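Worksheet for the structure shown next.
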Amino acid sequence: MGATMIELFQRAEHFGANTAIVDLSGHYSFRELLDKSAAAASVLLDGKKNLQETRVAFLVSPGIDFVVTQWGIWRAGGIAVPLCGNYPIRELKYFLKDSGAEILVAAPEFKEKLKPLSEEDDLKYLESENWNSTEPVVLPDIQAEQRAMIVYTSGTTNRPKGVVMTHRTIQSQIKCLVDAWQWSEKDRSLHVLPLHHIHGLINALCCPLWAGAICEMLPKFDAEKVWKRIESKEISILMAVPTIYTKLIKEWEKVIPARQRLLTKKCKGLRLMVSGSAALPVSVFNKWSEVGGQPLLERYGMTEIGMALSNPINGERRAGMVGQCLPGVEVRLIDTKGLVSEIGPGEIEVKGANIFKEYWQQSTVTKKAFHGDWFRTGDIALLEEGYYKILGRAGIDIIKTGGYKVSALEIEGVLLTHSAIEECAVIGVPDEEWGERVAVSLVLNPGKDLCLPDLRDWAKKRLAIYKIPTRIQKLDTLPRNAMGKIIKPEISKMFQAVDRLEVG
Ligand code: AMP
């Protein structure tokens, strides 16, 4: 065992026989997690004393093997680069090349997809189930300032960037949430999120392990199974994205009223249900208060900053708002003149130990992303009665039309209260006269129809005239990434394609 262990592992030693992970294969204690990850680290080291920040890419399904692999990489002194199973080969190749990975670890179910990639780039290929093949060795000292993980951004506009976190960054992000959301050994969280993204990696996995709580991992999100686990009353916490809550609502609506009442009663007993990674529409917040019997806690964060703003655990959780600064995090708003604005609207800048170290091998891009110590998020917000409200991403969700700046998120929130609309995505499309025009892609509820004049008539009572869409497009589904986020550049392309057809 190395002399210096990062706090996450020291704490795991302390929790020892307590259960850490539950998955379809069984229950695993903190002790087992430490022993298995020491074995994994020994195989990864393969005779070396320290991996010294070697990048180890890995693709392992949610469950004990994922955590053992991640901890094994950390304990061997490597940098963990989590991959996503849904990514096409082209993207996976990009992540391997960009990160300069030297080792690729995969679960047997991904062998067919990944082994050929490892051969192409001459990477060492290891299977996440074969960690016991080497005698355990003395593990290296791990310093908090060492690089620990590279998480790739969703890259909806440019090529994904590798966000580098040190052990200290990760530790600060965990501590801030454990403190704010009062995680404890008594908690048992249900993990249903992808494991290549900060939400699933830090908030939903590292936080319970830090607190000595149980993390129960489902192989993937399944609305019926999640309700079953909620019904068991064993679960105390759920971390999810807005689309997951929408799917849980739909599942609840399918069952008879007596069962609905039972599920709501059981759900009310959960200690905490969090929503984040995308805007939680007010309609979903309100509906969940009825279906889940409790107000969701909405928070705001980003791969580069961890979590920054959160509604209170005790106190009023406001619909459409993301609350206040989390412990140890400072936030300011910068207006279009570059000045600090008390209430905004302005770009959110964030400072604190939660902030990432750098974009992997992109020093110029990293420099540009900061004002001194303040990271420029590119998100626009305002402060209303002490609560921050996210208006959206600059350049995507902030539409400049006829001299006004309007928030796509605000318009989407209103349109989602229309009985015919199941989902929608608002964007600005270029327009010679107005600069941009407000356009919306709609997914309608089954059996419903809606035309532009009717939508405009309905919206006039609810939105200022310049915010009302002047173009609509009906789709079967909205393009979304693995986290359920709408890919707005694809929506823009669809409108452009229609324009080209009309001109042609
Ligand atoms: P990611 O780095 O993939 O987690 O994406 C971070 C981005 O998601 C932020 O920059 C915001 O644009 C968006 N986001 C995260 N949480 C929220 C929220 N509660 N409301 C609105 N947007 C959010």
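If you're wondering where the values come from, they're calculated on a predicted model, not measured in any experiment. Numbering of ligands and ligand atoms starts at 1, following listing order.
No part of Ser275 comes within 4.0 Å of ligand 1, judged by heavy-atom distances. Residue contacts with ligand 1 for Met483 are absent, since no atom lies close enough (heavy atoms, distance under 4.0 Å). Under 4.0 angstrom from ligand 1, the non-hydrogen atoms of Arg393 all belong to its side chain.
At least one donor-acceptor pair under 3.5 Å links the side chain of Trp74 to the backbone N or O of Ala148. At least one donor-acceptor pair closer than 3.5 Å links the side chain of Tyr245 to the backbone N or O of Val274. Looking only at distances, a side-chain donor or acceptor of Arg11 sits under 3.5 Å from a matching main-chain atom of Trp210.
Ligand 1 places these atoms under 4.0 Å from at least one heavy atom of Ser277: 8 (O), 13 (C), 14 (N), 15 (C), 16 (N). Less than 4.0 angstrom separates some heavy atom of Glu298 from each of these atoms of ligand 1: 18 (C), 19 (N), 20 (N). Proximity to Arg299 (heavy-atom distance under 4.0 Å) selects the following atoms of ligand 1: 16 (N), 18 (C), 19 (N).
Summarising the contacts of atom 9 (C) of ligand 1 with Val322, Asp379, Asn481, the nearest heavy atom is found in Asp379.
Among all non-hydrogen protein atoms, the one lying nearest atom 8 (O) of ligand 1 is Lys485 NZ, 2.9 Å. Among protein heavy atoms, atom 20 (N) of ligand 1 sits closest to Ala279 CA, 3.4 Å. Among protein heavy atoms, the minimum distance from atom 2 (O) of ligand 1 is reached at Thr303 OG1, 2.6 Å.
Under 3.5 Å, the side chains of Asp98 and Tyr152 contain a donor-acceptor pair of N or O atoms. Looking at Ser289 and Gln294, their side chains never bring a donor and an acceptor atom within 3.5 Å of each other. In summary, the side chains of Thr166 and Thr169 do present a donor paired with an acceptor at a separation below 3.5 Å, with no hydrogens or angles considered.
In this structure the side chain of Ile230 reaches within 4.5 angstrom of the side chain of Met273, judged on heavy atoms.
Put simply, part of His197 is less than 4.0 Å from ligand 1, judged by heavy atoms.
With Arg168 as reference, Glu145 is the one residue of Gln173, Glu7, Glu145 to meet the side chain to side chain donor-acceptor pair (under 3.5 Å) rule.
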